[in-house]
Asks: 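First the structure, which I've put down as structure tokens, then a few questions once you've had a look.
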Amino acid sequence: GDSVTQMEGPVTLSEEAFLTINCTYTATGYPSLFWYVQYPGEGLQLLLKATKADDKGSNKGFEATYRKETTSFHLEKGSVQVSDSAVYFCALSEGKAGTALIFGKGTTLSVSS
Amino acid sequence: DTAVSQTPKYLVTQMGNDKSIKCEQNLGHDTMYWYKQDSKKFLKIMFSYNNKELIINETVPNRFSPKSPDKAHLNLHINSLELGDSAVYFCASGGGGRNTEAFFGQGTRLTVV
């Protein structure tokens with residue numbers, strides 16, 4: 001079945017460092033790909049998405065490119081802030097009615113000043 | 001207005017009790033979900049409803065029973081609570097289409113003592 005694999009955390013960075021969180025997927029079809037963020041004590045919020053190969057999703061300085069050839073959707077940010085500390089989830093959706101998002105295990109990011 | 005709201009936010013109860021978590025969405029989506037997040041932050045789909053019809057019913061004990069009185073509501077009832085049921089439960093809704101992300105509630109932290 002479909003699955004998402006993302007790098008194990010935690011990731012600990014200093015403010016203004018470059019961030020990469022790796023995500024690869026396995027899917028039978030052509031899924032949509034998502035990054036969600038979960039701040040402490042809150043629900044998940046959509047960070048960005050891409051729906052077809054070579055699409056680049058971007059939001060709040062984060063970006064990720066849908067790479068069909070490497071089945072990847074790595075999250076990057078050029079300069080992280082303390083407020084970016086959160087858990088990041090990569091997810092995919094086949095998009096059929098009623099099908100659920102399939103999530104990776106989450107990567108905890110901790111940014112210190 | 002909160003798009004996906006679930007109540008209660010915290011729930012502490014004794015083993016053997018029966019409890020319910022309520023979820024409502026005002027986004028007009030056809031599809032609603034229940035996810036369970038364990039202590040390691042892993043998100044697992046439990047149920048999915050599309051237009052009040054059960055679509056996904058993952059390997060979840062029979063003690064868990066979802067009920068969807070209408071498209072905007074998906075409640076979760078849990079019988080005979082066990083210690084292992086302690087987790088954060090998230091309700092979500094989504095358009096169900098390929099390009100549509102899921103919107104999450106704030107979560108219900110269930111603690112069984």
Side-chain angles (χ1 to χ4, degrees), chain A residues 1-11 21 27 29-53 55 57 59 64 66 73 85-110, chain B residues 2-7 9-10 21 23 25 27 29-60 66 68 71 74 88-109:
Chain A
D2 294 358
S3 65
V4 175
T5 303
Q6 60 182 105
M7 61 189 286
E8 298 276 336
V11 173
I21 300 178
Y30 299 96
S32 293
L33 301 173
F34 306 86
W35 277 102
Y36 279 81
V37 58
Q38 183 179 25
Y39 298 104
E42 297 185 12
L44 279 75
Q45 303 172 28
L46 178 69
L47 182 58
L48 53 85
K49 69 179 183 182
T51 58
K52 61 183 188 297
D55 264 5
N59 185 24
Y66 190 142
F73 193 55
S85 298
V87 183
Y88 292 81
F89 293 91
C90 185
L92 69 81
S93 171
E94 287 184 63
K96 300 171 191 171
T99 57
L101 286 171
I102 296 171
F103 286 91
K105 291 188 175 181
T107 302
T108 299
L109 170 65
S110 179
Chain B
T2 306
V4 182
S5 60
Q6 53 183 109
T7 55
K9 188 169 182 181
Y10 300 98
I21 306 171
C23 179
Q25 56 101 357
L27 298 167
H29 289 154
D30 290 337
T31 308
M32 295 185 72
Y33 312 90
W34 278 108
Y35 282 86
K36 179 180 179 180
Q37 185 175 47
D38 64 22
S39 59
K40 295 184 179 178
K41 302 292 186 182
F42 182 59
L43 281 157
K44 182 174 163 46
I45 182 69
M46 299 174 69
F47 302 104
S48 161
Y49 269 75
N50 184 255
N51 279 323
K52 299 193 332 177
E53 180 186 348
L54 181 64
I55 301 297
I56 295 174
N57 183 359
E58 290 295 318
T59 307
V60 175
S68 182
K71 244 174 48 166
L74 180 62
V88 181
Y89 293 85
F90 285 101
C91 176
S93 76
R98 191 175 177 282
N99 299 333
T100 310
E101 64 271 24
F103 293 79
F104 283 77
Q106 291 281 73
T108 296
R109 182 174 292 279

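For the numbers below, each heavy atom of this structure counts, side chains included, while hydrogens, waters and symmetry mates do not. Chain letters run A, B, ... following the sequence lines, proteins first, then strands; residues in each count from 1.
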Asks: Hey, could you give me the CZ/CG distance between B:F103 and A:L46, rounded to the nearest 0.5 Å?
Replies: 7.0 Å

Asks: For a 4.5 angstrom cut-off between non-hydrogen side-chain atoms, does B:L43 reach A:L101?
Replies: no

Asks: Within the supplied structure, the quantity of interest is the number of heavy atoms (other residues, nucleotides, ligands) at a distance under 6.0 Å from B:E53 CD; does it exceed 12?
Replies: no

Asks: If you round to the nearest 0.5 Å, how far is CZ of A:F89 from CD of B:Q37?
Replies: 5.0 Å

Asks: Among B:Y33, B:F42, B:Y35, whose ring pair (Phe, Tyr, Trp, His ring centres under 6.0 Å) with A:F103 holds?
Replies: B:Y35

Asks: Take atom CD of A:E8 as the centre, draw a 6.0 Å sphere, and report whether it contains more than 12 heavy atoms from other residues, nucleotides or ligands.
Replies: no

Asks: Could you check if a side-chain atom of A:Q38 sits within less than 4.5 angstrom of a side-chain atom of B:F90, using non-hydrogen atoms only?
Replies: yes

Asks: Which residues pass the salt bridge (Lys or Arg N to Asp or Glu O under 4.0 Å) test with B:K71, not counting sequence neighbours?
Replies: B:D30

Asks: Report yes or no: does A:Y36 contribute a side-chain atom to a donor-acceptor pair with the main-chain N or O of B:A102 at less than 3.5 Å?
Replies: yes

Asks: Once salt bridge (Lys or Arg N to Asp or Glu O under 4.0 Å) is applied, do any residues pair with A:D55, and if so which ones, sequence neighbours excluded?
Replies: A:K52

Asks: Return the NZ to CG distance between B:K41 and A:L44, rounded to the nearest 0.5 Å.
Replies: 9.5 Å

Asks: By a 4.5 Å heavy-atom criterion (distance strictly below it), what part of B:K44 contacts chain A: side chain, backbone, both, or neither?
Replies: neither

Asks: Look up atom CG in A:L33 and atom CD in B:E101, then write down how far apart they are to the nearest 0.5 Å.
Replies: 13.0 Å

